[in-house]
There are 2 protein chains.
Amino acid sequence: MFHKVLVAEDLDSISIAVVQALGEISILEIHHAKYCDDAFLKIKKALHDNQPYDLLISDLSFKPDHRENKLCSGEELIEAVKKVQPDIKTIVFSIEDKSFRIKSLFNNLGINAYVSKGRDSIPELQKAIQRIYNNEEIKLSPELSHALRDKSLFEIESYDIALLKSLSKGLTLEDISSEFKDSGIIPNGSSSLEKRINRLKIYFKASNNVHLIAITKDLGLV
Amino acid sequence: MFHKVLVAEDLDSISIAVVQALGEISILEIHHAKYCDDAFLKIKKALHDNQPYDLLISDLSFKPDHRENKLCSGEELIEAVKKVQPDIKTIVFSIEDKSFRIKSLFNNLGINAYVSKGRDSIPELQKAIQRIYNNEEIKLSPELSHALRDKSLFEIESYDIALLKSLSKGLTLEDISSEFKDSGIIPNGSSSLEKRINRLKIYFKASNNVHLIAITKDLGLV
DNA sequence: ACCCCTTTTACGGTTTCCCGTAAAGAAATG
DNA sequence: CATTTCTTTACGGGAAACCGTAAAAGGGGT
């Protein structure tokens with residue numbers, strides 16, 4: 001079994017159970033960080049001491065705090081960690097259940113497993129750790145494995161996100177047009193923006209801008 | 001100390017720590033339910049057996065499931081429980097940190113304490129239980145106690161929520177007007193709706209409908 | 001009953017959204 | 001280089017939102 005595991009989780013009520021669960025499957029060294037920055041420091045320290053972590057289990061969202069942090073989310077943490085220790089195994093343990101967000105974790109960050117916090121997630125987490133240790137195939141829910149194959153999910157790019165973000169800030173198309181011109185983002189003609197928004201509306205089956213923002217907010221896209 | 005306590009919490013990763021924390025402060029009978037419906041049944045059963053619960057600790061949001069449930073949220077659960085056992089003590093233990101939502105829990109449901117899931121919430125939960133048992137004053141964060149006094153926070157009613165919900169579904173004012181007429185909700189003239197939306201826009205400092213929905217979505221109002 | 005005040009509704013003008021069409025520009029192909 | 005094709009931009013008309021004003025309807029008071 002893995003020797004040294006780091007848990008990055010802000011909620012004490014959850015980390016207690018996770019640490020306990022790791023103990024149950026006879027992991028010897030279990031460390032825990034409440035902030036992404038702390039987790040990153042521990043990873044670097046361990047690497048420097050030639051006693052690197054085998055596995056990182058991280059949450060995605062961390063509550064903002066009085067503390068100033070450089071890394072504020074699980075995504076940022078994993079990205080940073082992979083740069084200093086590319087071979088580390090990673091599991092994301094989060095409440096998030098939007099398939100395209102999980103998809104991007106596998107595709108962009110190369111995580112090894114995703115376990116959704118739910119009514120029976122502790123055993124699932126233990127199983128996932130076991131599987132990774134044995135280099136077994138990751139088991140995914142049918143819905144999720146479909147999402148991973150579905151290309152269309154991935155064609156919503158940063159441009160669209162920026163557009164949706166600006167919309168949700170209450171800007172008019174004209175506003176966004178000049179905003180994009182200033183930032184050098186193209187296309188930026190109000191007519192092009194309109195067309196792009198229309199594509200999004202068709203894709204998300206939204207009947208107008210308000211509806212579109214409501215939907216994409218629900219999906220966590222903005 | 002309390003004898004019999006019920007924990008309503010869907011995430012196993014959290015309920016484990018909560019149950020453990022209750023054991024630490026020598027509570028003898030600790031029960032746990034993953035669904036609001038189950039929790040309600042247990043309360044009723046205990047009451048019927050003349051061994052009622054002293055305290056209910058509940059989460060607010062419960063993940064939807066394959067299971068059909070009558071009660072889907074902590075609010076609904078507490079409301080139902082208070083009808084059959086008005087004297088029961090209640091603590092809400094949730095990640096929610098929007099002050100006006102917490103405010104409504106105290107004012108509408110008459111909860112005894114609110115503990116926000118965070119980096120140090122298990123000790124806080126234990127302290128809150130102790131305080132309630134000793135009938136001490138509830139300690140609130142300054143921000144929150146201010147919110148409880150602030151009247152303006154409370155004037156967003158179910159009417160506004162219904163309106164925002166309809167808006168976020170992509171309906172036009174005309175649509176909503178006839179929808180409200182059908183449901184017997186008044187006022188329902190499109191002009192009144194407009195005026196009400198305008199009040200909300202001023203209150204939330206939104207520049208248009210899209211912005212308004214984005215803000216209220218963020219606040220968890222819709 | 002009358003007056004006062006609040007709430008609800010109605011109306012008009014302006015802006016923005018919405019949607020189709022078409023022109024201008026850029027990239028690709030032969 | 002000419003032709004095709006795709007992308008970006010422009011334009012125009014109708015719908016809905018936006019905003020101020022004012023009339024109608026309802027609800028206490030005296």
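All chains are named by letter (A, B, ...) in the order of the sequence lines, taking the proteins before the strands, and each is independently numbered beginning at 1.
When the side chain to side chain donor-acceptor pair (under 3.5 Å) test is applied to A:S178, no partner is found at least two apart in sequence or on another chain. Remark: B:N134 pairs with B:Q130, B:E136 by the side-chain contact (heavy atoms from CB on, under 4.5 Å) rule, at least two apart or across chains. The side chain to side chain donor-acceptor pair (under 3.5 Å) test applied to B:D120 returns no partner, not counting sequence neighbours. With sequence neighbours left out, A:K195 forms a salt bridge (Lys or Arg N to Asp or Glu O under 4.0 Å) with no residue at all. For A:S116, the side chain to side chain donor-acceptor pair (under 3.5 Å) criterion is met by B:K63, not counting sequence neighbours. Residues passing the salt bridge (Lys or Arg N to Asp or Glu O under 4.0 Å) test with B:D175, sequence neighbours excluded: none. Every residue two or more places apart in sequence or in another chain that forms a salt bridge (Lys or Arg N to Asp or Glu O under 4.0 Å) with A:K217 is listed here: B:D218.
Pairs of residues two or more places apart, or lying in two chains, never qualify as side-chain hydrogen bond (donor to acceptor under 3.5 Å, both in side chains) while including a residue from residues 76-89 of chain A. Residues in residues 167-201 of chain B take part in these ring pair (Phe, Tyr, Trp, His ring centres under 6.0 Å) pairs, two or more places apart or across chains: B:Y159-B:F180.
A straight line from CZ of B:R196 to P of C:dT7 spans 10 Å, rounded to a whole angstrom. As a whole-Å value, the separation of B:R199 CZ from C:dT6 C1' is 13 Å. The distance from atom CD1 of B:I197 to atom P of C:dT16 is 18 Å, rounded to the nearest whole Å.
Backbone-only engagement by A:L173 is indicated by non-hydrogen atom pairs under 4.0 Å involving sugar-phosphate atoms exclusively.
A donor-acceptor contact under 3.5 Å is not formed by the side chain of A:E194 with the base of C:dC17. No N or O donor and acceptor, one from the side chain of B:K195 and one from the base of C:dT8, sit under 3.5 Å apart.
Here B:E194 does not pair with B:K201 in a salt bridge; the nearest charged N to carboxylate O distance is not below 4.0 Å.
Residue A:E75 is tested with A:I111, A:L105, A:V92 for a side-chain contact (heavy atoms from CB on, under 4.5 Å); the sole match is A:L105.
Residues from residues 174-193 of chain A that place a heavy atom under 4.0 Å from any atom of DNA chain D, listed by number: A:P187, A:N188, A:G189, A:S191, A:S192. Annotation: proximity of residues 206-214 of chain B to DNA chain D (heavy atom, distance under 4.0 Å) is found for B:N208, B:N209, numbered in ascending order.
With a cutoff of under 4.0 Å to any heavy atom of chain A, the contacted region of DNA chain D is bounded 5' to 3' by D:dT8 to D:dA10.
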